[in-house]
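Report on the structure given below.
Note: hydrogens, waters and symmetry copies are ignored here, and every other heavy atom, side chains too, is used. As the structure is a prediction and not an experimental result, all values here were calculated from the model.
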Amino acid sequence: QVQLVESGGGLVQAGGSLRLSCAASGSILSINDMGWYRQYPGKQRELVATITRGGSSNYVDPVKGRFTISRDNAKNTVYLQMNSLKPEDTAVYYCNSDILSRATMFFRPYWGQGTQVTVSS
């Protein structure tokens with residue numbers, strides 16, 4: 001069984017920083033792309049950033065230059081460093097990973113439980 005556990009959310013003032021972490025555990029054979037999404041109240045979940053196993057990253061325009069995604073393949077962990085935070089970054093953040101596990105023997109997406117990020121003005 002595969003599990004993604006997130007940490008690092010919280011309350012911060014505008015202009016501040018937070019670092020989110022998401023660790024995958026369980027019967028993992030390999031992990032392809034990893035990413036972060038966020039969800040505003042009453043809205044659909046939306047992409048924030050992704051990173052390939054080789055380290056190539058992509059960001060949506062609103063976070064470019066402020067957020068940095070990284071990963072540690074040895075620890076099966078993905079990070080999101082968020083700087084210069086704005087009130088409009090307030091949302092629940094979810095990690096997502098494309099994982100090959102012993103249970104399924106094919107790649108499928110897994111989601112973390114979500115972590116709240118609140119930026120006060």
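- Between Y110 atom OH and N96 atom CG the span is 11.5 Å, to the nearest 0.5 Å.
- Taking the six-membered ring where tryptophan is involved, the planes of W111 and Y37 are perpendicular, since the angle between them exceeds 60° and thus also 30°.
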For residues 47-57, please give each side-chain donor-acceptor pair under 3.5 Å, one per line with the distance, not counting sequence neighbours.
from	atom 1	to	atom 2	distance (Å)
T52	OG1	G54	N	3.4
T52	OG1	G55	N	3.3
T52	OG1	S56	N	3.0
R53	NH1	I31	O	3.3

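- The closest side-chain heavy-atom distance from S101 to I28 is not below 4.5 Å.
- Looking only at side-chain heavy atoms (C-beta outward), Y94 and V92 come within less than 4.5 Å of each other.
- The minimum heavy-atom distance linking G35 with I69 is given by the pair CA-CD1, 4.1 Å.
- For N73 against R71, the heavy-atom pair with the smallest separation is OD1-NE, 2.6 Å.
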All N/O donor-acceptor pairs, side-chain side in residues 11-20, below 3.5 Å, sequence neighbours left out:
from	atom 1	to	atom 2	distance (Å)
S17	OG	N83	OD1	2.9

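- With contacts defined as side-chain heavy-atom distances shorter than 4.5 Å, the pair M105/L29 qualifies.
- Remark: R38 fails to qualify as a cation-pi partner of Y40 under the 6.0 Å distance and 45° angle criteria applied to the six-membered ring.
- Applying the side chain to side chain contact (heavy atoms under 4.5 Å, CB included) criterion to S25, with sequence neighbours excluded, gives Q3.
- Side-chain contact check for T68 versus Y79: every heavy-atom pair is 4.5 Å or farther apart.
- Residue pairs meeting the disulfide (SG to SG under 2.5 Å) criterion with at least one partner in residues 77-121, sequence neighbours excluded, are C22-C95.
- R66 approaches S84 most closely through the heavy-atom pair NH1-O, 3.0 Å.
- Between Q39 and R45, the closest heavy-atom pair is OE1-NE, 3.6 Å.
- At a threshold of 4.5 Å between side-chain heavy atoms, the hydrophobic network of Ile, Leu, Val, Met, Phe, Trp and Tyr places V5 and W36 in two separate groups.
- With hydrogens and angles ignored, the 3.5 Å screen pairs no side-chain donor or acceptor of Y59 with any backbone N or O of G65.
- Applying the side-chain hydrogen bond (donor to acceptor under 3.5 Å, both in side chains) criterion to K64, with sequence neighbours excluded, gives D61.
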Show me the side-chain donor-acceptor pairs of residues 114-121 shorter than 3.5 Å, one per line, residues at least two apart or across chains.
from	atom 1	to	atom 2	distance (Å)
T115	OG1	G9	N	3.3
Q116	NE2	A91	O	3.4
Q116	NE2	T118	OG1	3.3

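- Interatomic distance, N76 CG to I99 CD1, rounded to the nearest 0.5 Å: 7.5 Å.
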